[in-house]
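Single-structure report; data block below.
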Amino acid sequence: MNNKISHDFPAPGEPLAPSHASADTLALLTRRRSTPAIGLAEPGPDANQVEHLLGIASRVPDHGKLAPWRFILFEGEARNSFGMILGKVWAVKNPDATPDQIRCEQQRFERAPLVIAVISTVTEHHKIPLWEQELSAGAACQNLLIGASAMGFAAQWLTEWYAYDCDIKDALGLRSGERIAGYIYIGSSASEVMERPRPRAHVGRWKA
């Protein structure tokens, strides 16, 4: 795996090609598949790769140039320390939980070397509809998946209960109008991943 990535993001005002014909990109999009977080392992992206991934995640449609998203990274010991919060909150809200169940919650972020929380940070009462701002955060999640795959890593986009729990949101410091678009788990694949059934596209053609 080549960890030497050139940060060749264009500068503001730099002329850009309207398209980038790439058979490799088409192949990636045709065959990309999420890897369950439980099947991820070391190594994860290094600091250079993480920086590049976040730059890629930010290159999404963004009507109004609001940048309606931000990222929270969980690496190393931070995964365990936040897991302790997950376990504590779960235990309080599930008083009948067994020690094994609580331990499972504590270890959620240890399933991958890197977890990126993508936070939707909408600007309320703005001419850009909230829905469009939220879609931009979703696009950032998808760019992380595609970028990770292109770097040779496996990844999964999850929400689970701790994307919607008010106490977890408080622990993460979410402000008014902020929501968790998803947690992106990134690492190396520790097992073979098989293709799953895919839905056929539902297509209609407008006729005047």
Side-chain angles (χ1 to χ4, degrees), residues 1 3 32-51 53-54 57 69-122 134 137-138 140-149 151-198:
M1 187 183 302
N3 292 348
R32 191 209 68 80
R33 194 216 189 286
S34 294
T35 299
I38 195 67
L40 299 178
E42 296 282 357
D46 61 25
N48 184 49
Q49 290 170 316
V50 171
E51 181 182 355
L53 273 175
L54 296 178
W69 19 254
R70 63 186 178 94
F71 310 103
I72 302 175
L73 275 58
F74 299 86
E75 303 172 283
E77 178 57 29
R79 297 171 301 156
N80 175 265
S81 61
F82 191 71
M84 294 299 104
I85 296 175
L86 292 179
K88 181 179 180 179
V89 172
W90 176 265
V92 169
K93 297 186 177 182
N94 296 271
D96 295 329
T98 66
D100 284 345
Q101 290 173 326
I102 296 173
R103 191 174 304 109
C104 178
E105 300 303 326
Q106 292 172 338
Q107 295 174 344
R108 282 191 178 275
F109 277 29
E110 296 182 46
R111 292 179 290 184
L114 170 67
V115 181
I116 301 177
V118 180
I119 311 300
S120 169
T121 60
V122 299
E134 291 166 346
C141 291
Q142 183 69 1
N143 265 21
L144 284 172
L145 293 180
I146 294 170
S149 184
M151 289 181 182
F153 295 103
Q156 186 177 27
W157 173 358
L158 292 176
T159 47
E160 303 183 305
W161 68 270
Y162 44 97
Y164 302 99
D165 185 271
C166 293
D167 291 324
I168 297 301
K169 291 178 180 180
D170 288 343
L172 288 173
L174 267 61
R175 302 180 291 269
S176 174
E178 291 192 324
R179 300 169 66 184
I180 299 168
Y183 298 99
I184 312 300
Y185 290 73
I186 302 174
S188 297
S189 180
S191 59
E192 186 177 30
V193 178
M194 307 299 290
E195 175 63 341
R196 63 170 175 81
R198 301 284 176 171

Minimum-distance pair of heavy atoms, taken over all atoms of I102 and G87: CG2-O, 3.9 Å
Flag side-chain contact, heavy atom, 4.5 Å: T35 against Q156: no
Return the OG1 to CZ distance between T159 and R179, rounded to the nearest 0.5 Å. 11.0 Å
Is there a side-chain contact (heavy atoms from CB on, under 4.5 Å) between R198 and R196 once you walk through the steps? CA-CA 6 Å; R198 301 284 176 171; R196 63 170 175 81; 2.9 Å; yes
Return the minimal non-hydrogen interatomic distance between I186 and A112, and the atom names on each side. O-CB, 3.7 Å
Are the charged groups of R70 and E178 less than 4.0 angstrom apart, N to O? yes
In chain order, what residues pass the side-chain hydrogen bond (donor to acceptor under 3.5 Å, both in side chains) check against Y185, with sequence neighbours excluded? R111, Y162
dist R175:CZ -> D170:CG (nearest 0.5 Å) comes out at 13.0 Å
Using the side chain to side chain donor-acceptor pair (under 3.5 Å) rule, collect all pairs that involve residues 81-92, keeping only residues at least two apart or in two chains. none
Quick one: does Q101's side chain have a donor or acceptor within less than 3.5 Å of a partner on T98's backbone? yes
On a heavy-atom basis, the closest approach of A171 and F82 is CB-CE1, 4.4 Å
Please find the pair of heavy atoms, one from W157 and one from G182, that lie closest to each other, and give the distance. NE1-CA, 3.5 Å
Could you state the interatomic distance from CD1 (I85) to CD (Q106), rounded to the nearest 0.5 Å? 11.5 Å
To the nearest 0.5 Å, what is the distance between CG (N143) and CG (L54)? 11.5 Å
Check whether any side-chain heavy atom of V50 sits under 4.5 Å from a side-chain heavy atom of E75, and report yes or no. yes
Show the numbers, then the answer: is there a side-chain contact (heavy atoms from CB on, under 4.5 Å) between N94 and E105? CA-CA 12 Å; N94 296 271; E105 300 303 326; over 6 Å; no
In terms of heavy-atom contacts, Y183 and L172 come closest through OH-CD1, 3.8 Å
Out of curiosity, L40 CG to S188 OG, how far, rounded to the nearest 0.5 Å? 8.5 Å
Look up atom CZ in R79 and atom CG in L73, then write down how far apart they are to the nearest 0.5 Å. 12.0 Å
D100: partners by side-chain hydrogen bond (donor to acceptor under 3.5 Å, both in side chains), with sequence neighbours left out: R103
Answer yes or no: are there more than 12 heavy-atom neighbours, outside E192 itself, under 6.0 Å from its atom CD? no
What I'd like to find out is whether the side chain of L86 reaches to under 4.5 Å of the side chain of D165, using heavy atoms alone. no
Test item: I119 and F71 side chains (from C-beta on) under 4.5 Å apart, heavy atoms: no
CA sep, side-chain torsions, deciding dist, call: K93, W161, side-chain contact (heavy atoms from CB on, under 4.5 Å): CA-CA 12 Å; K93 297 186 177 182; W161 68 270; 5.8 Å; no
Using only atom types and a distance under 3.5 Å, with no angle test, would you say the side chain of E51 pairs donor to acceptor with the backbone of N48? no
Nearest heavy-atom contact between P45 and L53 is CG-CD1, 4.2 Å
